[in-house]
Amino acid sequence: MTENAYTRRDDDSNNGDDGRGAGRRTGTVLVTSGTGKTGRRVVERLTALGVPVRSGSRTGEVPFDWQDDTGWKAALRGTEAAYVAYYPDLAVPGAAEAMAAFGRTAAACGVRRVVLLSGRGEPQAAVAEEALRGAAGRAEVTVVRSAFFAQNFSEGALLDGVIGGELVFPAGTAAEPFLDLDDLADVVVAALTGDGHAGAVYELTGPRSLTFAQAAEELGRATGRPVRYVPVTGPAYASLLEEFGVAEAEAEFLAELFATLLDGHNAATTDDVKRVLGREPKDFSGFAREAARDGAWHG
């Protein structure tokens, strides 16, 4: 599931790289959607590694707007790599065209490496992935397909539901291997700074699958107060979103997207986090405990 929206050039030798970026000097990285849930985590990690970062956003020091390509060239000029987190989602109409345009601009600017955030099990997102690959010229493209973000419960649209004790969502009884965004960011940084990821498609999941009812129980244990899952139909969820001010077209798109993602075909876990990082991904219960400890649901 994707989200809203980083000079020196080095040679191609491994220099003792362990596949996670150690031992390799990386030039400037553009992080699109640099203030978003994934982007800001990638920025933090690159900065901690001493990698020069351009954090792109609509109102930040590095202007970058997915709806206005006039600033893309300036944001990309002189960069070695880019993290691409397209807003609102790679499955929306026009996303493939945007990816093709970004790929052409990145190629023209001499970008060597692109890491794209994509949604797991989204057919239309796969079309956008291919559009970027086809337009990026000689740049190495790595695709990171994510399961449903665990942080959607602590930073996203489901935050208020957890605080209020009632998660209303159109997931039925489908199970989902919720992914912690710290793991996703670590994989992205590994692909941006290390060798051996060119052309790879990583499907990232947590270590086990839970239904939304089971996730609500774990959230309740972490917060110390009951959290109940209330399943609704897609149309009912779209209507609910509209009541909260979401435009009708966007509400219908989101309801259809969740129906596509949460029909059971994404329930299986993968070992791609471990393959890239050499460790197991964080379990959902660990995420919930840490988020509660950090005050995510004090509202």
Side-chain angles (χ1 to χ4, degrees), residues 1-5 32-33 36-39 42 66-67 83-103 114-136 141-153 156-158 169-181 183-185 187-188 191 199-206 209-212 215 233-235 237-238 241 246 249-273 276 281:
M1 160 170 254
T2 55
E3 71 150 337
N4 61 325
T32 70
S33 304
K37 286 196 288 292
T38 69
V42 171
W66 282 115
Q67 307 307 314
Y83 170 54
V84 178
Y86 180 74
Y87 179 85
D89 192 274
L90 284 183
V92 303
E97 291 78 6
M99 289 300 97
F102 183 88
V114 177
V115 178
L116 172 65
L117 175 63
S118 187
R120 186 172 181 239
E122 292 186 50
Q124 288 305 118
V127 174
E129 295 169 13
E130 195 56 40
L132 177 62
R133 286 193 197 91
V141 177
T142 304
V143 176
V144 176
R145 294 175 179 167
S146 177
F148 199 94
F149 299 162
Q151 276 77 3
N152 285 334
F153 295 102
L158 297 175
F169 204 68
T173 59
E176 176 69 15
F178 300 103
L179 177 70
D180 190 283
L181 288 185
D183 290 332
L184 185 148
V187 170
V188 168
V201 177
Y202 296 123
E203 297 218 356
L204 305 186
T205 73
S209 296
L210 298 85
T211 66
F212 274 67
T233 65
Y237 186 69
L241 291 177
V246 178
E250 182 179 356
E252 291 178 352
F253 165 76
L254 288 172
E256 292 174 4
L257 176 63
F258 292 136
T260 299
L261 295 177
L262 298 168
D263 64 357
H265 76 282
N266 281 332
T269 62
T270 75
D271 65 353
D272 281 3
V273 169
V276 177

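Listed by first then second residue, pairs satisfying side chain to side chain donor-acceptor pair (under 3.5 Å) with a partner in residues 125-135 read S118-E129, E129-R145, E130-R133, not counting sequence neighbours. The list of salt bridge (charged side-chain N to carboxylate O under 4.0 Å, His left out) pairs with a residue in residues 170-181, not counting sequence neighbours, reads D180-K282.
For the pair L254/L241, a side-chain contact is recorded, criterion being any heavy-atom separation below 4.5 Å from C-beta on. L179 is listed as a side-chain neighbour of V273, based on a closest heavy-atom distance under 4.5 Å.
Under the side-chain contact (heavy atoms from CB on, under 4.5 Å) criterion, L210 pairs with F178, R208, Q214, E218, F284, sequence neighbours left out. For D271, the side-chain hydrogen bond (donor to acceptor under 3.5 Å, both in side chains) criterion is met by no residue, not counting sequence neighbours. In this structure, the side-chain contact (heavy atoms from CB on, under 4.5 Å) partners of S209, at least two apart in sequence or on a different chain, are A175, P177, T269. In terms of the side-chain contact (heavy atoms from CB on, under 4.5 Å) criterion, residue partners of T233 (sequence neighbours excluded) are, by chain and number, P235, A236. Here A171 pairs with F169, F212, Y229, L262 under the side-chain contact (heavy atoms from CB on, under 4.5 Å) rule; sequence neighbours left out.
Under a 3.5 Å cut-off, the side chain of T142 and the backbone N or O of A200 do not form any donor-acceptor pair. Distance alone, capped at 3.5 Å, places no donor-acceptor pair between the D272 side chain and the L204 backbone. At distances below 3.5 Å, not a single donor-acceptor pair connects side-chain atoms of W66 with backbone N or O atoms of P88. For the pair N266 (side chain) and R120 (backbone), a donor-acceptor distance under 3.5 Å is present.
Results of the side-chain contact (heavy atoms from CB on, under 4.5 Å) test with Q151 over L158, L184, L181 single out L181 as the only residue that passes.
In terms of heavy-atom proximity, V144 sits nearest to V115 at CG2-CG1, 3.9 Å.
For the atom pair L132 CG and F102 CZ, the distance stands at 7.5 Å (nearest 0.5 Å).
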